[in-house]
Student: 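Quick one: the structure is below, questions incoming.
Residue numbers start from 1 in every chain, and the chains themselves are labelled A, B, ... in the order their sequence lines are given, proteins ahead of strands.
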Amino acid sequence: MAIPIERLDEYRWRIPPDAKPGMRVPAIIFADEKLMDQIRHDLSLEQAANSATLPGIVRAAYAMPDIHQGYGLPIGAVVATDPETGVVTPGGVGYDINCGVRLLRTELTRTEVLPRLKELVNGLFATIPTGVGTQGKVRLTRENARKPLEQGARWAVEQGLGEPEDLVTAEASGCIAGADPDAVSPRAYERGRAQLGTLGSGNHFLEVQVVEKIYDEQAANVLGLFPGQVTVLIHSGSRGFGHQVCTDYLASMERALKKYGIQLPDRQLACTPLRSEEASAYLGAMRAAANYAWTNRQCLTHWAREVFQQVFRKSPRDLGMWVVYDVAHNIAKLEEHEVDGKKRRLLVHRKGATRAFPPGHPELPERYRSIGQPVLVPGDMGRASFVLVGTDGAMRETFGSTCHGAGRVMSRAAAIRAARGRAIERELEDTHGVYVRASGRDSLKEEMPEAYKNVQDVVTVCHNAGISRMVVKLKPIGCIKG
DNA sequence: ATGTCC
């Protein structure tokens, strides 16, 4: 059954609340014609409509142009719920809690790096553990885990893995308050014990890039970015730890649905009222997993820096390898938003969506107040990634949110099928000029550029719709993957 | 995303 959808303008579409039984509000999708044609191929519009049935949902369910099919909610969804009448759903955060992106800048230029690119990428690949189930150099036990889970990236910095300055330019300073280590299951501890400081697999990567194009010189300047400059983009999350937290609480909430009299079109939307004990426990555990992910990206930052220092024989000062910003794109947060002229505290679920707070917002680091919050949008391995900034438009329309990536057009299985007999590693080097090292046998096939939408199309829609602004385009030259 | 099935 096709979902009825009406076009509002060049970049906005609407699924009316009478499209499906149980919808409480409309669903709004940001896309142009070309992206909408790609979106129609999977269940994501159905899932966007389903998300509008969640109890206590405020104003509308939103979907970004990189939307694709996920568990329960589509990936690329933004759903805000009311703390009194609303629910929290783990499917609205995703399995990889605080999957996110961190951008590092350097003082190096393309000309300096290209002659030593292979040495650099090989060094990164040798130093940073990649792949499924890999172990890192940091060990957590139930006894010593409390600190990183409560303090996030700060804990890593205190262990000597990074600089205090790194925390200034991370979303929430790399730590969300309200983590409850006691709400995390023994199994999650077991899975997360040896995985701090590991990249993971799937679409996770560490990429060496060059600043290829600047759209907003003033904002780029504030971010410390210039043409021809080498940057590093890290995409990773909370590994098996967050995955287990999600698994545990989906089960707990599914069991509790009857108790709270919640009716859903899809069991994958399992949720409980925000005021319930299940919801409090989930949020405590989710925040612990979010802090695990920020600690993880901090560890990866430190080791990437060490490799750069060794390869280029530069002092930390001359290398200038600072954190530009770090965003969470799978998380639920309590935030203040204006709804119908009234300020309200809401739980904003962002699943495959990035916070995009406008200039002047009090949660931004002072040095970025004038330009708005940096938004990091990774694309595919071959083409490009983007830095955007948040806008007043996002605050008005999408609870301060924008896109998070390119979005898949092929399932993993379809991508492997389409890449059969092809040497993706060679193609990346020959046609895109990207030197890549990967540990998984099929990971390059799953992640090949044509398995994704063109991220340029995605960010252009967000820019033109006014929910973020394009600042810089980054071109990959080297990559390590799981 | 993920000890890609406890």
Student: Salt bridge or not for A:R355 and A:E335, using N-O below 4.0 Å?
Tutor: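 Looking at A:R355 and A:E335, the cut-off is not met.
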Student: Do you know which of A:P476, A:P449, A:S385 makes side chain to side chain contact (heavy atoms under 4.5 Å, CB included) with A:D380?
Tutor: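 Exactly one option meets the side chain to side chain contact (heavy atoms under 4.5 Å, CB included) with A:D380, and it is A:P449.
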Student: Less than 6.0 angstrom from the centroid, inside 45 degrees of the normal: does A:R383 satisfy that with respect to the ring of A:Y452?
Tutor: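 That pair does not qualify as a cation-pi contact.
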Student: Checking all strands, does A:G237 fall into the base, sugar-phosphate, or nothing category for heavy-atom contacts under 4.0 angstrom?
Tutor: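 No contact at all - A:G237 keeps every heavy atom at 4.0 Å or more from the nucleic acid.
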Student: Under 4.0 Å, heavy atoms only, any strand: does A:G94 hit a base, just the sugar-phosphate, or nothing?
Tutor: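 It contacts nothing in the nucleic acid.
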Student: Once you round it to whole Å, what is the distance between P of B:dT2 and NZ of A:K481?
Tutor: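 The answer, rounded to whole Å, is 11 Å.
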Student: Using the side-chain hydrogen bond (donor to acceptor under 3.5 Å, both in side chains) rule, collect all pairs that involve residues 177-186 of chain A, keeping only residues at least two apart or in two chains.
Tutor: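 Only A:R146-A:D182, A:S185-A:D248 qualify under side-chain hydrogen bond (donor to acceptor under 3.5 Å, both in side chains).
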Student: Hey, does the side chain of A:R239 come within less than 4.0 Å of B:dT2's phosphate (OP1/OP2), counting only N and O?
Tutor: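 So the side-chain polar atoms of A:R239 do come within 4.0 Å of the phosphate oxygens OP1 or OP2 of B:dT2, strictly under.
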Student: In whole angstrom, give the distance that lies between atom CG of A:D248 and atom C1' of B:dT2.
Tutor: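 Computing the A:D248:CG to B:dT2:C1' distance gives 13 Å.
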Student: Between the protein and nucleotides 4-6 of chain B, list the N/O to N/O atom pairs that are separated by less than 3.5 angstrom.
Tutor:
none

Student: For A:W13 and A:A31, indicate whether the former's side chain and the latter's backbone hold a donor-acceptor pair under 3.5 Å.
Tutor: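 Judged by distance alone, yes, a pair lies under 3.5 Å.
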Student: B:dT2 P sits how many Å from A:Y249 OH, rounded?
Tutor: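 In whole Å, B:dT2 P lies 21 Å from A:Y249 OH.
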Student: Which residues pass the ring pair (Phe, Tyr, Trp, His ring centres under 6.0 Å) test with A:H329, sequence neighbours left out?
Tutor: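 Residues passing ring pair (Phe, Tyr, Trp, His ring centres under 6.0 Å) with A:H329: A:H235, A:H404.
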